[in-house]
Structures are given as structure tokens and as C-alpha cells.
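This structure is a prediction, so every number in the text was calculated from the model and none was measured. Each chain gets a letter, A, B and so on, in the order the sequences are listed, and its residues count up from 1.
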2 protein chains.
Amino acid sequence: MTQDRMNKKQASILEAARDLIAENGFHASPAAQIAEKAGVGVGTMYRYFENKDALVYEVHKEIEFRLHSQVFQDDDSLPVRERFIRIYTRLFNYLIQHPNDYKFLEQFYNSPYGIKKRREEPLGNTKYDLLKKLFVYAKSQQIIKDIHEDILFGLCFGPISFLLKDHLRGFFDLNEDSIQMIVEALWDAIKR
Amino acid sequence: MTQDRMNKKQASILEAARDLIAENGFHASPAAQIAEKAGVGVGTMYRYFENKDALVYEVHKEIEFRLHSQVFQDDDSLPVRERFIRIYTRLFNYLIQHPNDYKFLEQFYNSPYGIKKRREEPLGNTKYDLLKKLFVYAKSQQIIKDIHEDILFGLCFGPISFLLKDHLRGFFDLNEDSIQMIVEALWDAIKR
DNA sequence: CGGGTCGGAATGAACATTCATTCCGAAAAC
DNA sequence: GTTTTCGGAATGAATGTTCATTCCGACCCG
């Protein structure tokens, strides 16, 4: 699944698709343009991916894989607040440093693609399991507010998503200090 | 600008466009379908709106007008916390009760339409002026954290936007109690 | 050579937009 | 009061464009 195991061509198609879709959205990313950017013929693209949908889902899978391996780690010997701050800071930084991964995901989850995906995947969404478990634990210890985990997640991820968008559009700039202040504010929102 | 001043036909086109775009997105809302839903001929639509873009901008203007008149009011004799909670609760409730307005706005601001719009409109975006001013005042009084207003806004509106999406997709349910808890958590995030 | 891989022209479906025509109500003519 | 005329409003079939997908000849490696 990772690029190591993949054909060069396949990888470059995935990358081109991600970048084009991140910048222009699904509608403004014609197959011909993706192929061109990837440096392959249109027909070739269809040798590697059954159709455009399959390609889109594959891009998504790749990004989730990277997120999972680079962001979602936890060390449960630390205090909860510390664990929270580390994970969210890492997530925030990853997305800032990989804007096209973020932009793609944003498009994906706000399109029929992502909605379908989320409906199919049972609640125990592996990727967010870690975050959910941390919330459940912290609630049981009375460290954070007694609110449904999904809502807690929204309280924390909502601002990240929103602010990232404006940052990437150049409406303002997120530096290291702002990131720390923001993540701490997120903690203040959920802590008891 | 309000529907009173408008032609019945124009209003029904705007409404049809909003609903279709809210549900299916811009790309999956062909002119023919909008016209059909509005109960007019396609050609008629083009009598009222120069092209699809103009129609989209007009829908946006209508929604902003409603938001402005029904949500963005303030009473500066109240304590800041109260003012904050009231405005955000009203905003949250309005969007829950007018899901298609919300869904349209979401699509709009995450598309080239909205990005263009925001770039053109100078910072003093009239609609959010009220919120921005409240933040500036509260900061000057040391009531809330000393963070740039745009970031404060993201901290507060991010969760609303995120949670609303999941609520409307039926992933969970936002009742009056959750709304109150959420808005209070938003306050905790920004208060000193 | 022959099996597999490429590329990009060709195809057909879906779409936004246009425009020649129809429709309708109100005014003019009688 | 009735018929005729008229002009703007409404219509949807026709047009041109853009796309996803297919197809087939060329190419490469064994």
C-alpha cells in the first residue's frame, strides 16, 4: 500500500491526482489533466485504476495511511493533558506541512465520496480510535467534560480544520506560537 | 433584496437552487434540474439570472441577508460572556433550523465562489464585524485570551461548522442540551 | 517475433447556454 | 362589448463544450 510497494507510475498518478484535486476540486480535475501531470497517457491511468472513483479512493487510502503512521501515536504513561496536546499538535503540524494531503481530505470528506465512506465504515473508525479512546479514558477519570466523544472530537478538530483552511488560503499565518496557543485553547474547551 | 421585493418566479428559482446545491453540490445541480424544481423553463431562469454563477452569488446574498437580520444582534449592556453565548447559540440554532442555508454556505465558502468573494471583500466583512468587535473589546478588558480575532473566530466557528455537518448527516444528534454544552465549551476555549 | 504495456485519438454522455418560437394579457380599434 | 394587435415573458429544442472512458495501433522487453 505504501509507495515503496508501488509502481513508480502508479505513485505518480496518485500524487498528481491528489495535487490537482487538492487545488481545484474533483470537478475541475479532468482525467486528461491528471494523466498529463503524472506524465502518463490517459489510457495508462485506466490500466492502474478501474475508474476515477477508484483512483480517488486510493488517494484517500494513501493519505490516511501516512496520517496513521506519522501522527496517531500515543504514550499512555504521560498525563492526559500532555497526551492530548502532543497528538493534536502533531496532527496540526502534519496538516500544515502537507497542505495537499489536508486539502484533499477536506474535499473528500465534504463530498459524496467521503460521506459514503464514513457510512460504510462502522463507528470504530480505526484512524480515530486512538483519539476516541483517549477521550473515553479522560472522561472516566473526570479529567474532561462529560460530553459524547464525537462532540469532543468536533470541538477539537473543527477549529483545526477551519483555521487550516484560512491559513492555506493566505488569510492569515499560523506560526509555531499560534499553534501552541490554539491547541491549548482546545484543551481548555474540553477540560473540566 | 428580500423576497418581498422579489418576483415570485425569481424567488422560487433562488430557493430551488439553494436546495439543490445544498443537497448535491454545484456540479450535481444542472441548470435544467434547478429550473424544473423551480417550476419554470430553463430559458426563464436565464431571463432572471445572467448565468449560473450570478444565480449562485444571488443565493449567497439572500442567505447572508437572513443571517444578518436574524442572528447578528447584540446587546452591549450584558456581560461579555452572556453576549458571546447568546450570539453563538442563536447562530447555532439558526443553522440547525435552516440546514439548507447552512449546507449551501458550506459549499459556497469551500469553493472558488466563496474564496473569490472573500478575497474581494475587504477584511471589514460587515456580517462578522459584530463578532470581531466583541472579541476586540473582550480582549481589551482582559476577559478572553490575547489571540488574533480571526483565530478566535475559527476556534468558535470551527466546531459549530464541523458538528453541524455531522449532525445533518445523521451521525449524531444535537439537542438543546448539547448545544448549550458546546457553546459553553467554546467560551471556555477563549476565556482567560 | 509475441505477450504485455503505453499513449492519445475517438466516442458518447452530460452539461451550460442560446435563440427561434409560442404564449398571454393588456391595450387599441371598432 | 368584442375583436385585433402588440410586446414582453416564457419556453425547451438545438448547440457547442467538456468530460470520463474506451479502443487500438505502436512500442518495449523476453
task = Can you figure out which of C:dC6, C:dA9, D:dA10 approaches the side chain of B:Thr44 most closely?
result = D:dA10
inquiry  = Rounded to whole Å, please give me the gap between CG in A:Asn7 and C1' in C:dC6.
reply    = 12 Å
inquiry  = When you measure from the centre of the six-membered ring of B:Tyr88, is the NZ or CZ of B:Arg83 closer than 6.0 Å and no more than 45° off the axis?
reply    = no
Whole-Å gap separating C1' (D:dT11) and CD1 (B:Ile13) = 12 Å
inquiry  = Let's see if you can work this out: which of C:dG7, C:dT17, D:dT11 has an atom nearest to the side-chain heavy atoms of B:Val42?
reply    = C:dT17
ask   = Regarding A:Asn7 and A:Tyr48, is there a side-chain donor-to-acceptor distance under 3.5 Å anywhere?
value = yes
task = Find the distance A:Lys52:NZ to D:dT18:P and express it as a whole number of Å.
result = 15 Å
task = Starting at atom CD of B:Gln10, determine the distance to atom P of D:dA10, rounded to an integer number of angstrom.
result = 11 Å
message = Taking any heavy-atom pair under 4.0 Å as a contact, classify A:Phe49: base, sugar-phosphate, or nothing.
response = nothing
query = Could you give the distance from CD1 (A:Ile21) to NE2 (A:His60), rounded to the nearest 0.5 Å?
reply = 12.0 Å
query = Considering only side-chain heavy atoms of B:Asn51, which listed nucleotide, C:dT17, D:dT11, D:dA20, is closest?
reply = C:dT17
query = For the side chain of B:Ala31, counting heavy atoms from C-beta on, which of C:dG7, D:dT21, C:dT17 is nearest?
reply = C:dT17
note = Separation of C:dG7 atom P from A:Met45 atom CE, nearest Å, is 12 Å
inquiry  = Students often get this wrong, so: under 4.0 angstrom with heavy atoms, is A:Phe26 touching a base, only sugar-phosphate, or nothing?
reply    = nothing
note = Value for CD1 (B:Ile144) from CG (B:Leu134), rounded to nearest 0.5 Å, stands at 7.0 Å
For atom NE2 of A:His27 and atom C1' of C:dA13, their distance in whole Å = 19 Å
task = Could you state the atom-to-atom distance from CD of A:Gln33 to P of C:dG8 in whole Å?
result = 15 Å
Which residue lies more 5' along DNA chain D, comparing A:Pro30 with B:Gly39 via nearest heavy atoms = B:Gly39
ask   = Taking CZ from A:Arg47 and C1' from D:dT21, how many angstroms apart are they, rounded to a whole number?
value = 15 Å
request  = For B:Ser29 and for A:Gly41, locate the closest nucleotide of DNA chain C by heavy-atom distance; then report the residue assigned to the nucleotide nearer the 5' terminus.
outcome  = A:Gly41
query = Are A:His98 and A:Tyr94 close enough that their ring centres sit under 6.0 Å apart?
reply = yes
query = In terms of side-chain heavy atoms of B:Tyr48, which of D:dA20, D:dA10, C:dA16 is nearest?
reply = D:dA10
ask   = Side chain of B:Lys9: nearest nucleotide among D:dA10, D:dA20, D:dT11?
value = D:dA10
message = Is there a side-chain contact between B:Tyr46 and the phosphate of C:dC19, meaning an N or O under 4.0 Å from OP1 or OP2?
response = no
